[in-house]
Structure formats: C-alpha cells, structure tokens
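Report on the following structure.
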Amino acid sequence: MPGPDINCNLSPNEQWKDGINKAYESVKASAQECAKNKSGGCKVNAWNKWDEEIKTTVNAFNRYLANTPNYRNLDWRYIKAILWTESGAKHKAWDSRPMQFGNIGDQGKGDLLSPDPIKKQEYELIVPKNYRKNIDTGAHNIHLGIAYLLKRLANFGFESKLDPDKTIYSIKVKAGDSFDKIAKANKTTVEILKNMNPGLVNPRNLKIGMELKYRKGAIKRVITGWKEISTMSIAMYYNGNGDKFYCAKLNYVLKFI
C-alpha cells in the first residue's frame, strides 16, 4: 500500500516547511546533475521555472521607478519567495497563476485595474508601459502581482504639474475672476498662476484688465515616497488571505534562494 505524501503528525505549517525542504533538495539535486553534464542542455528544475521571468520583470520595474523619491530597488528574490509561499511547483496553479493574484474573492486585481481616474493614474505611475496588459498567463500573473505589491508599498500625493507644452500664455482678468476660476477655465493650476505672477500671490490684488501669464498644467497624482521593502511589509501588504505565518514563511524560503 503506498504511503501518504504528507506526514500526518506534522502541523500545517510544519507540512509546508517539509514541502519547501523537499523543493530545495530537488533544486539542489538538479544543479548537481547539471554540473556533471558536460554536454550542457540542462533541464530547468520546475521550482526555478519562473526565475528569468521574475528577474526580467523586476529589472523593468526598478528602471521605471528609479527616479521616484527614495525608491530602493526591489530584490527579485522577494518575488521568488512569494511564488514559493503562494503556490510552488506542486501547486495546480504553478503554470497559470503562480503568485495567486486575482483569485476568486481577491480584491487586489479590481483595485489595481480600477477605471477610477485616480487609481488609473497610480497604476500608470507604477507599471511600465510594456507591462500594462490584462491577459491570463502565468507570466502576466507575476507582472500583476509585482505591480500590486509595489502599488501598495508606494506613498501617493497630489502635486501641480506643468504640461510638456512650454508655451507661455496670457489672459486678462475679467469681473468676477479668481485664481481658481482662471485656472479651471484655462487648463492650468492656481500654483502655476501664482508662480508665474509672483507679485499677485494675494488674490485681493487681482484687478480687472490685469494681464496674467501662465502655462498649461494640472493637479496630478504622484509618488511621494516608499514604505520599506521587507518580508514584514510584503506580509502586511500582499498577504490577501491573512496568513499569520506569511512573514516567517518568506524568511524561511529566502534561506534557500
């Protein structure tokens, strides 16, 4: 009679650790076999299947976010640890949904891809253009998972931003005008108006017939900073199922990566 795959005397968390230990031994054995193979053409161990996709994707996000305030590069090994924790090569979703992002009942995907104008701006601030797709593949599940994690770790705010158009326009003040009214009517912001007309910071100084300079601009969503990237913050902001061992699991997996 065949024996069970799982030791019934182990707790669920110990069973999970036992599975990770076996995964590591499998990866190590594959590496040793590959080292003996002088002809090359080594087969990638299933547990390492997504390594290159993770590295390529993380590098793309790191380049895209490099100039945002206080951004520190995401280490690809954190993402691999998430995959091993969320699914793993023995999981039925390993090929199609390795980060388990967008599962039934998971609100993360709806939040990330929301049509809400502000959330859409946040999505575009986080995600490189080449990764703004919504297709059901294992690779794209990784793209979406990374995007969601980074969106949760980002701090957002609003700032007045100049348009690329560098044309300086002018307008004459009419009866009933205010900085806010002029800004809305001319697709600019109050801050831009005040910066380009420094003698008129006080709205009471506006007079009919006075000429104001301005450039086009708008109030836009911006990244103002970042939360620390760590196993603790990942457990806090990515762990949709509320697994109390999530941080410990990530740390345990990282020992083998």
Side-chain angles (χ1 to χ4, degrees), residues 57-74 107-135 140 143-230 233 236-238:
T57 305
V58 167
N59 285 340
F61 275 79
N62 283 339
R63 287 193 300 271
Y64 186 70
L65 298 168
N67 293 325
T68 59
N70 302 316
Y71 181 73
R72 299 183 67 179
N73 281 347
L74 174 64
Q107 298 179 359
K109 189 173 182 179
D111 179 74
L112 181 68
L113 303 177
S114 170
D116 175 82
I118 292 176
K119 289 186 177 180
K120 190 173 180 181
Q121 285 184 53
E122 293 175 352
Y123 174 79
E124 292 174 353
L125 286 169
I126 294 293
V127 184
K129 287 184 179 180
N130 291 345
Y131 289 84
R132 296 174 194 171
K133 301 172 185 175
N134 186 17
I135 52 179
H140 192 62
H143 305 166
L144 288 174
I146 292 172
Y148 180 71
L149 172 64
L150 289 169
K151 183 173 181 279
R152 294 297 310 278
L153 292 173
N155 297 320
F156 294 98
F158 291 97
E159 287 184 10
S160 173
K161 291 289 185 180
L162 289 165
D163 278 2
D165 176 12
K166 295 184 179 181
T167 305
I168 297 177
Y169 300 88
S170 64
I171 186 172
K172 288 189 177 181
V173 177
K174 303 187 297 293
D177 272 348
S178 65
F179 275 124
D180 189 57
K181 186 175 180 181
I182 293 169
K184 288 179 180 177
N186 294 279
K187 295 183 179 179
T188 188
T189 71
V190 172
E191 185 177 341
I192 291 171
L193 281 170
K194 289 183 176 180
N195 288 341
M196 295 190 68
N197 301 276
L200 299 172
V201 174
N202 189 335
R204 295 178 181 176
N205 292 337
L206 285 179
K207 296 179 181 179
I208 297 172
M210 184 177 286
E211 189 172 283
L212 299 179
K213 296 177 183 178
Y214 70 94
R215 277 179 58 186
K216 301 287 186 180
I219 300 295
K220 294 184 178 181
R221 199 70 161 149
V222 296
I223 296 172
T224 59
W226 292 89
K227 302 173 185 70
E228 180 186 6
I229 301 175
S230 65
S233 62
M236 184 179 297
Y237 294 106
Y238 191 82

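For clarity, every value in this text was computed on a predicted model and none was experimentally measured. Start at 1 with the first residue, then count along the sequence.
- Ile168 has its side chain within reach of Met196: a pair of non-hydrogen atoms, C-beta onward, lies under 4.5 Å apart.
- Between the side chain of Asp111 and the backbone N or O of Gln107, no donor-acceptor pair lies under 3.5 Å.
- In this view, Arg152 satisfies the salt bridge (charged side-chain N to carboxylate O under 4.0 Å, His left out) rule with no residue, not counting sequence neighbours.
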Inset, instruction - Step by step, work out the side chain to side chain contact (heavy atoms under 4.5 Å, CB included) result for Arg72 and Trp226. - result: CA-CA 8 Å; Arg72 299 183 67 179; Trp226 292 89; over 6 Å; no
Inset, instruction - Any chance you could lay out the side chain to side chain contact (heavy atoms under 4.5 Å, CB included) test for Lys220 and Gln121, step after step, and finish with the verdict? - result: CA-CA 8 Å; Lys220 294 184 178 181; Gln121 285 184 53; 3.9 Å; yes
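- Across every non-hydrogen atom of Ala60 and Pro128, the tightest pair is O-CG, 3.9 Å.
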Inset, instruction - Just do the side chain to side chain contact (heavy atoms under 4.5 Å, CB included) check on Ile223 and Leu65 with the steps written out, would you? - result: CA-CA 9 Å; Ile223 296 172; Leu65 298 168; 4.2 Å; yes
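- Here the straight-line distance linking atom CE of Met210 with atom OG of Ser170 works out to 14.0 Å at 0.5 Å rounding.
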Inset, instruction - Begin from the C-alpha positions of Asn155 and Lys227 and carry the test side-chain hydrogen bond (donor to acceptor under 3.5 Å, both in side chains) through to its verdict. - result: CA-CA 7 Å; Asn155 297 320; Lys227 302 173 185 70; 3.0 Å; yes
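- For Tyr214, the ring pair (Phe, Tyr, Trp, His ring centres under 6.0 Å) partners at least two apart in sequence or on another chain are Tyr169.
- Considering only heavy atoms from C-beta on, Tyr131 stays 4.5 Å or farther from Ile146 through its side chain.
- A donor-acceptor pair under 3.5 Å links the side-chain atoms of Lys216 to the main chain of Asn186, judged by distance alone.
- For the pair Arg215 (side chain) and Ile192 (backbone), a donor-acceptor distance under 3.5 Å is absent.
- For the atom pair CG of Leu150 and CD1 of Ile229, the computed distance is 6.0 Å after rounding to the nearest 0.5 Å.
- Proximity of Leu153 to Tyr238: side-chain heavy atoms (C-beta onward) are nowhere separated by under 4.5 Å.
- Counting heavy atoms from C-beta outward, Lys109 and Asn134 have side chains that approach closer than 4.5 Å.
- A distance-only check finds no donor-acceptor pair linking the side chain of Asn62 to the backbone of Asn73 [under 3.5 Å].
- Contact of the Ile208 side chain with the Lys174 side chain is not registered, since no non-hydrogen atoms from C-beta on lie closer than 4.5 Å.
- At distances below 3.5 Å, not a single donor-acceptor pair connects side-chain atoms of Thr68 with backbone N or O atoms of Tyr71.
- Of all non-hydrogen atoms in Asp177 and Leu206, the two that sit nearest each other are O-CD1, 4.2 Å.
- Note that CD of Glu191 and NZ of Lys194 are 9.0 Å apart. Values are rounded to the nearest 0.5 Å.
- For the pair Glu122 and Lys151, the salt-bridge criterion is met [side-chain N within less than 4.0 Å of a carboxylate O].
- Residues Leu193 and Lys213 approach most closely at CD2-O, 3.9 Å, considering heavy atoms.
- Taking each heavy atom of Thr189 and Gly217 in turn, the nearest pair found is CG2-C, 4.0 Å.
- The aromatic ring centres of Tyr237 and Tyr148 sit 6.0 Å or more apart.
- In this structure, the side chains of Val222 and Lys161 come closer than 4.5 Å at one or more pairs of heavy atoms.
- For the 3.5 Å distance criterion, the side chains of Thr167 and Asp165 qualify, holding a donor opposite an acceptor.
- Taking CG from Leu113 and NZ from Lys119, the interatomic distance works out to 11.0 Å, rounded to the nearest 0.5 Å.
- Residues Glu211 and Ile171 are not in side-chain contact: their nearest non-hydrogen atoms beyond the backbone lie 4.5 Å or more apart.
- Lys129 is not listed as a side-chain neighbour of Tyr64, based on a closest heavy-atom distance of 4.5 Å or more.
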Legend entry - Chi angles and distances behind the salt bridge (Lys or Arg N to Asp or Glu O under 4.0 Å) call for Asp116, Lys120: CA-CA 6 Å; Asp116 175 82; Lys120 190 173 180 181; over 6 Å; no
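- Across all their heavy atoms, Arg221 and Phe158 have their closest contact at NH1-CE1, 3.2 Å.
- With rounding to the nearest 0.5 angstrom, the OG1 atom of Thr224 is 9.0 Å from the CG atom of Asn70.
- Nearest heavy-atom pair, Lys133 versus Leu144, reported as atom, atom and distance to 0.1 Å: O-CD2, 4.3 Å.
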